[in-house]
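Some notes on the structure that comes next.
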Amino acid sequence: MTALLFEKLRSLDNFGHSLHAPSYVYQPVSTEQIQNLLQAARKGDISITLRGAGRSYNDAALNGGGVVLDLSRLNRILEWDPVTGLVRAEPGVTLQQLWQQVLPDGWWPPVVSGTMYTTLGGCMGMNIHGKNNYKAGTIGEHVTALTALLPTGAEVTCTPRENGDLFHSMIGGLGMLGVFTSITLQMKRMYSGLLDVRAWPVKSLSEQLAALYEGAPDYDYIVGWLDATARGSSLGRGQIHAASYLHEGDDPDPHRTLQVEYQTLPATMFGIIPKSIIHYFMAPFMNNPGTWAVNTAKYIASLRRSTYRQSHAAFHFLLDYVPDWELGYGKNGLIQYQSFLPKETALDAWTEMLTLSHQRGLPSYLGVTKRHRPDPFLLTHAVDGYSLALDFKVTTRDRTRLAHMLQEFDEIVLQAGGRFYFAKNSETQPETARHFLGDDTIDRFRRLKKRCDPQNILRSDLYRRVFQV
Ligand SMILES: Cc1cc2nc3c(=O)[nH]c(=O)nc-3n(C[C@H](O)[C@H](O)[C@H](O)COP(=O)(O)OP(=O)(O)OC[C@H]3O[C@@H](n4cnc5c(N)ncnc54)[C@H](O)[C@@H]3O)c2cc1C
C-alpha cells in the first residue's frame, strides 16, 4: 500500500490555484480498496483527506504531506428509476453525469452548484446550495439515503431518520466523519429542457437585496451579479437573473429540449473562437482599471431588461462556458470570500465591506448574491437572508494585505450575525468558526468525530486550520 502511495506523489491545488499541497494521491476503484486504505491508516500514522473533483475554492480537499483519497473513479450511476426520479450513485459521479442521465427522462437535479464538474461526494461533503436555496434548501435536503465507510471500518446506512445524527452531520461534515460510498437522491420533475428567464438591472445594493427578497417567491431561481467596483450611490449595483420552470404544455417540443445535445454548451464563442483559449484574453483585464471598464460595460448592457428561454445547463453553469476561466487571474490565482448574512443586517455590513475594499485598493472582480433559508445540518452555513460571494485576485504584492482585509471582513460579518461556508473562504480562523457555529455545535461535532474517527485519520488542511488539530 505504502509503495503504491509513494508512486503517486503530486502537487495538488485548490480550484482558485492560490494554495498548493504536495500529497500522496490514491484513486480507488472499489469500496474494498477504501477499506484497505483505512485499515492501513489505523495501523500507521497516516492522515487522509477525501477529494472529489477538487473544485472547492479553498483547502477543503488538500492535505499537505499526507494522503489524498481521490474518489473520482468511483463514478457509476448504480440505479436510476425514471418513474420515481430516485437515483443511487457512487460518490465520484459528477453533476454533469447526473443531469445528462436524468434530463432525457424529464428530471433535473434538485440543487446544483455553479459548475457541473463537482462530484456528488464533494457536494455532500459541503452540502451545496443553488440559486434556489430559499425554496429547495441544500442538496442534503433531497438525499433519501446514503452509505458510508467510517474510519473505524464500520459501514453505515443513514437516512433522515435512521442514524439521523450522522446523516445531519456527515452531510456538510467536510469529509471528516466518513467516506460516502453511495448516495440516493430525489430528482425534480421537468416538463421542458428550458427555463423562462428574466433579467433586469438594479442601481444599488439596497435595490439588489430588495429584488432578491421580493422576487424570490415568484421564481424557482434567483441570483444577482454585483459590480463590486462601483462606488458611491452606485455601490452594489448589478443585474438580477430570475428563472422559472415551464409547466406541462408550455414547451412545444419538450422531447427535443430535454435531449443532452440540446443542452450541451458550445465549444466555440461566436462560432469561431475556441473557448479553451478565452482565458488568455481575460488576463489583460484582470486588474483594477480593466475590471472597472468591463463591469461598467456589462452594467450598461444590462440596462435593457430582457426575457428569454434558456436551457438548464446554460442558466446554471454559466461559469463553465469559459473553460479554466480562473487561470485568467494569473499565477497566484484567486480567493473567493463568501459571507451569509441575515436579511436585517446584510445591507449595512456589505456596504461597509465593499467600501473598505475600495479604500484598500483591493476591489473584488466578481460579486454574486443569492437568497437563502436555514437548514437542519450541523455545520450549516445558511441563514434567513442572503449571501455575497466576492472573488479577489491574489498577487505576490497584495497577498498579505488581502488576507488582512478578509479578516476585517470576518469581524464585520460576525458582528452582523453572519455565517461562512467552508467550501469557499481560505482565511477563516478557529475563533471565527467558534463564534458563528457556537460552542455547542463545535462540541457536538468533536464528539461525533471521536465516535466515527477515534484515531483522527481524516484530516484536511481546512480541518487543521479551522479546528486546530
Ligand atoms: C465555478 C464554481 C462554482 C461553484 N458554485 C457553487 C454554488 O453555486 N453553490 C455551492 O454550494 N458551491 C459552489 N461551488 C463550490 C463547490 O460546489 C463545492 O466546493 C463542492 O464541494 C466541490 O465538489 P468537489 O467534488 O470538487 O469536492 P472537493 O472540493 O474535492 O471536496 C469538497 C469536500 O467534500 C469532501 N468529500 C469529497 N468526497 C467525499 C466523499 N466521498 N465522502 C465524504 N466527503 C467527501 C472533501 O473532503 C471536502 O471536504 C462552486 C465551485 C466552483 C469552482
Side-chain angles (χ1 to χ4, degrees), residues 12-17 25 28 31 34 47-63 67-75 89-98 111-133 137-140 146-151 166 169-183 221 223 316-326 333-334 336 338 340 366 368-370 372 375 379-382 387 389 391 421-425 452-453 458-463 466:
L12 292 180
D13 58 4
N14 58 330
F15 171 74
H17 308 298
V25 179
T31 46
I34 303 175
S47 74
I48 299 175
T49 296
L50 312 178
R51 185 171 170 104
R55 297 260 156 179
S56 293
Y57 277 84
N58 60 8
D59 46 2
L62 296 179
N63 188 17
V67 174
V68 167
L69 184 57
D70 175 340
L71 293 147
S72 57
R73 286 168 73 186
L74 280 174
N75 61 358
E90 290 184 325
V93 165
T94 61
L95 291 185
Q96 178 179 31
Q97 272 178 277
L98 187 62
V111 171
V112 295
S113 48
T115 171
M116 63 172 109
Y117 305 128
T118 50
T119 64
L120 274 183
C123 290
M124 297 303 146
M126 286 300 167
N127 200 12
I128 63 156
H129 59 264
K131 301 172 181 77
N132 54 355
N133 185 255
T138 55
I139 197 163
L146 59 87
T147 57
L149 278 179
L150 304 186
L166 276 187
S169 51
M170 289 186 83
I171 296 178
L174 324 177
M176 289 299 109
L177 301 178
V179 189
F180 300 129
T181 47
S182 77
I183 296 131
Y221 302 96
V223 61
H316 287 291
F317 309 125
L318 185 70
L319 289 167
D320 294 341
Y321 257 95
V322 181
D324 301 324
W325 58 267
E326 76 284 1
L334 78 142
Q336 186 173 107
Q338 189 173 22
F340 292 71
L366 176 66
V368 175
T369 55
K370 289 186 197 140
H372 296 272
D375 61 63
L379 298 186
T380 177
H381 54 271
S387 68
D391 287 4
Y421 182 24
F422 289 117
K424 303 290 180 81
N425 301 17
C452 299
D453 185 12
L458 295 176
R459 277 172 280 160
S460 63
D461 288 353
L462 166 74
Y463 183 64
V466 175

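By convention here, the first residue in the shown sequence is residue 1. As the structure lists them, so they are numbered: ligands from 1, and atoms in each ligand from 1.
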Exercise. Applying salt bridge (Lys or Arg N to Asp or Glu O under 4.0 Å), name anything that partners D375, two or more places apart in sequence or on another chain.
Key: none
Self-check item: Non-neighbouring partners of A148 that pass side-chain contact (heavy atoms from CB on, under 4.5 Å), sequence neighbours left out
Solution: L146, V156, M170, F180
Quiz prompt | Between H372 and Y421, ring centroids under 6.0 Å | solution = no
Quiz item: So which residues, sorted by chain and number, lie with a heavy atom under 4.0 Å of ligand 1?
Solution: F15, L50, R51, G52, A53, G54, R55, S56, Y57, A60, A61, L71, P91, S113, G114, T115, T118, T119, G121, G122, G125, M126, I128, H129, L174, G175, G178, V179, F180, L319, W325, K370, Y421, A423, K424
Quiz item: Which pairs pass side chain to side chain donor-acceptor pair (under 3.5 Å) with one or both residues in residues 116-126, sequence neighbours excluded?
Solution: S113-T118
Quiz item: Taking all non-hydrogen atoms of both residues, which atom of R73 and which atom of P28 are closest, and how far apart?
Solution: CB-O, 3.8 Å
Exercise. Report yes if some heavy atom in the side chain of M116 is under 4.5 Å from a heavy atom in the side chain of T94; otherwise report no.
Key: no
